[in-house]
Structures are given as structure tokens and as C-alpha cells.
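To keep things clear, I will list the structure first and then write my remarks on it.
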Amino acid sequence: MAAESLLKVQAVETYYGNIRALAGVDVEVNKGEIVSLIGANGAGKSTLMMTICGAPQARAGSIIFDGEDITKLPTHLIARRRIAQSPEGRRIFPRMTVYENLQMGAGLDNLKYFSEDVEKIFALFPRLKERQTQRGGTLSGGEQQMLSIGRALMARPKLLLLDEPSLGLAPLIVKGIFEAIKKLNQEEGLTVFLVEQNAFAALKLSDRAYVMVNGKVTMSGSGKELLANPEVRAAYLEGGRH
């Protein structure tokens, strides 16, 4: 059976003023896949994530989601198509409790599922259940990352965008977060597009992956193929960042 495309980024160019950050990017994510995008700091990975969400908008090319062209839609309408993002730096609401942060993530049309969805998040991340009345700003980095992912999941997304979920976290916490992502994919069929500097963890988790250098995709393949690729190993796995 042919894979069914959920997200198709075609020849996308994004600028900050006169500076071109994305130079004709092509990426595809099929339904039910985990796809990762790896590359050095400043390669344009987060810019691609933000462009998919409409801020900034692509200046050229197209972004097709679930058969619809969303390239020029404003961010709030893109979110309504059930694309949810856990952004780089987590960006939770520090003065709100864990529970209130999760409330903020729920779409207005999902409120009838609210209690059920909160329980699912608490089952996935038991630490959040223990901390549900605690303010977001008082959580550890790992707990804040769990909350950021949990808040995104409250929107019942068709596509979950994860931007650097392992950044600054201890290896054991990273392992737990990646296991949770895998579980969501396997048990719920959630489609995940992951930007990650921890290339080894990302490629191990992913069905397919892309490598980005200076705003361009330079390589793609299955997670296993890229793990074994000498160029990728030299740049991102052995001498590079872990």
C-alpha cells in the first residue's frame, strides 16, 4: 500500500528581511511516520518548523497539509487544522499551573474530551500528574519539556511538530521523552516531525530523516541508512554533537 502524504513542503524559501534562511526546501511526512530533521545549530531547522506554522510565512514554494495548501494561512488557522508544536525552548506559561498549561493547549472543539485527554497525558508523563498544581516555572527542565509536549497533545493533533525536545536535558530524561514519542506513534498512530540536534537519538527513533545544511536539505533516507552513512556519522555522530 502506497504511503499517504500528510505534510509536503515543496521548494520553500523563507527570509528574515533580506537574509534567506531556507533555500528551496523539500520535505515530506507521511501519515503514521516519525520523520526527523537533523543538522548543525543555525542550519535552518527551527525556521522550517516555524514556517510550517505560518510565522514567518514562506516567500516561495508551497506547504501542503492533508491535501490543503496552507502556505499563506495565518498561524491560528494552521493550528485549527490540527498541527501542534512543542517549540524550541519549551515556552510554557511559567505563572500557570501544570493543569492550567494543559487547559491552554486544548482546542475549543475538543473540550468534551478534556478530562480523558488530561488523563492520557498524565499516564504518558506521570511526573506531570504529581506536579499538576505546581506552577510551570518551578518545574525542572525535563518536566517543562514533558509539559510542552503534553500541552501540544491536548490539541489532538494530526501532526505533532517537536523542536529540539532533548535540548539541555540529562540523558535519562531524554530517553524517557523519546520513549513517550515512540509510544504515541505506535499506539495512537500519531505522525511526528522532529527537529533534533541529538542526531543519534533522532535517527534511531525515526522511520525517515533529512539532513539540513545552510538552509538546504542535503541528504535523506531511512533512519537506519543515515545512521550508517559515513558522512552523517563523521558530521553528527562521532566528532559532532551527541
Intermediate values then yes/no, side chain to side chain contact (heavy atoms under 4.5 Å, CB included), Gln57 and Thr71: CA-CA 7 Å; Gln57 285 192 339; Thr71 319; over 6 Å; no
Whether the Ser62 and Asp69 side chains hold a donor-acceptor pair (N or O, under 3.5 Å, no angle test) is what I'd like checked. no
Which atoms form the tightest heavy-atom contact between Gln132 and Thr97, and what is the distance? O-CB, 3.6 Å
Think Arg59 forms a cation-pi with Tyr15, using NZ or CZ under 6.0 Å from the six-ring centre and within 45 degrees of its axis? yes
Check whether any side-chain heavy atom of Ser36 lies under 4.5 Å from a side-chain heavy atom of Leu205, and answer yes or no. no
Hey, quick one: are Val35 and Val232 part of the same hydrophobic cluster, counting side-chain heavy atoms closer than 4.5 Å, chains of contacts allowed? no
Between atom CD1 of Ile149 and atom CZ of Phe125, what is the distance when rounded to the nearest 0.5 Å? 4.5 Å
Could you state the interatomic distance from CG (Leu226) to CZ (Arg233), rounded to the nearest 0.5 Å? 11.5 Å
Note: Gln10 and Lys8 closest approach over all heavy atoms is NE2-CD, 3.4 Å
Tell me if the CG atom of Asp26 is crowded by more than 12 foreign heavy atoms within 6.0 Å. yes
Could you give me the CA-CA distance, side-chain angles and deciding distance for Leu147 and Leu128, then say whether side chain to side chain contact (heavy atoms under 4.5 Å, CB included) is met? CA-CA 7 Å; Leu147 182 55; Leu128 294 182; 4.1 Å; yes
Look at the side chain of Arg156 and the backbone N and O of Arg82, then say whether any donor-acceptor pair between them is shorter than 3.5 Å. no
Correct closest heavy-atom pair for Asn30 and Arg208 would be ND2-NH2, 4.0 Å
For Glu231, is the CD atom crowded, meaning more than 12 foreign heavy atoms sit under 6.0 Å from it? no
Under 3.5 Å side-chain donor-acceptor pair for Ser5 and Glu28: yes
The reported gap from OG1 in Thr191 to CG in Leu184 (rounded to nearest 0.5 angstrom) is 11.5 Å
Close side-chain approach of Leu73 to Arg81, heavy-atom, < 4.5 Å: yes
Does Leu124 belong to the same Ile/Leu/Val/Met/Phe/Trp/Tyr cluster as Leu169, with side-chain heavy atoms less than 4.5 Å apart forming each link? yes
OH-CG distance between Tyr210 and Leu48, expressed to the nearest 0.5 angstrom: 10.5 Å
Measuring only between side-chain heavy atoms, which start at C-beta, is Pro94 closer than 4.5 Å to Arg135? no
Report yes or no: do Leu7 and Met49 belong to one cluster of Ile/Leu/Val/Met/Phe/Trp/Tyr joined by side chain heavy-atom distances under 4.5 Å? yes
Between Gln145 and Ser166, is there a side-chain donor-acceptor contact under 3.5 Å, judged purely by atom types and distance? no
Measure the acute angle between the ring planes of Phe122 and Tyr99, then classify it against the limits of 30° and 60° as parallel, tilted or perpendicular. tilted
Using the rule that Ile, Leu, Val, Met, Phe, Trp and Tyr join whenever any side-chain heavy atoms are under 4.5 Å apart, tell me whether Ile70 and Val9 fall into a single cluster. yes
For Lys72, does the NZ atom have more than 12 heavy-atom neighbours from other residues, nucleotides or ligands under 6.0 Å away? yes
Min side-chain heavy-atom separation Phe178-Leu162 under 4.5 Å: no
Is the closest side-chain donor-acceptor distance between Thr14 and Thr51 under 3.5 Å? yes
Check Cys53 against Gln85 and note the closest heavy-atom contact, atom names and distance. SG-OE1, 3.6 Å
Please give me the minimum heavy-atom distance between Ser86 and Ala152, naming the atom from each residue. N-CB, 4.2 Å
Before you tell me yes or no, could you show the steps for Glu179 and Lys183 under salt bridge (charged side-chain N to carboxylate O under 4.0 Å, His left out), namely the whole-Å CA-CA distance, both residues' side-chain angles and the distance that decides it to 0.1 Å? CA-CA 6 Å; Glu179 281 171 358; Lys183 188 176 182 189; over 6 Å; no
Give, for atom CD of Glu188 and atom CG of Leu160, the distance between the pair rounded to the nearest 0.5 Å. 11.5 Å
Has Glu116 got a side-chain atom pairing as donor or acceptor with Tyr113's backbone, closer than 3.5 angstrom? no
I'd like to know if the side chain of Lys45 and the backbone of Leu37 have a donor-acceptor N/O pair within less than 3.5 Å. no
Kindly determine whether Val12 and Ile63 satisfy side chain to side chain contact (heavy atoms under 4.5 Å, CB included), including the steps that lead there. CA-CA 8 Å; Val12 160; Ile63 301 168; 3.9 Å; yes
How far apart are the C-alpha atoms of Leu203 and Tyr236, what are their side-chain angles, what is the distance that settles it, and do they pass the side chain to side chain contact (heavy atoms under 4.5 Å, CB included) test? CA-CA 11 Å; Leu203 293 176; Tyr236 305 108; over 6 Å; no
Please report the shortest heavy-atom distance between Met212 and Leu22, naming the atom on each side. CE-CD2, 4.0 Å
dist Met154:CE -> Leu102:CG (nearest 0.5 Å) comes out at 5.5 Å
Side-chain heavy atoms nearer than 4.5 Å, only ILVMFWY residues, links allowed to pass through others: does that put Met146 and Met104 together? no
Show the numbers, then the answer: is there a salt bridge (charged side-chain N to carboxylate O under 4.0 Å, His left out) between Lys31 and Asp66? CA-CA 9 Å; Lys31 286 182 181 174; Asp66 213 9; 3.3 Å; yes
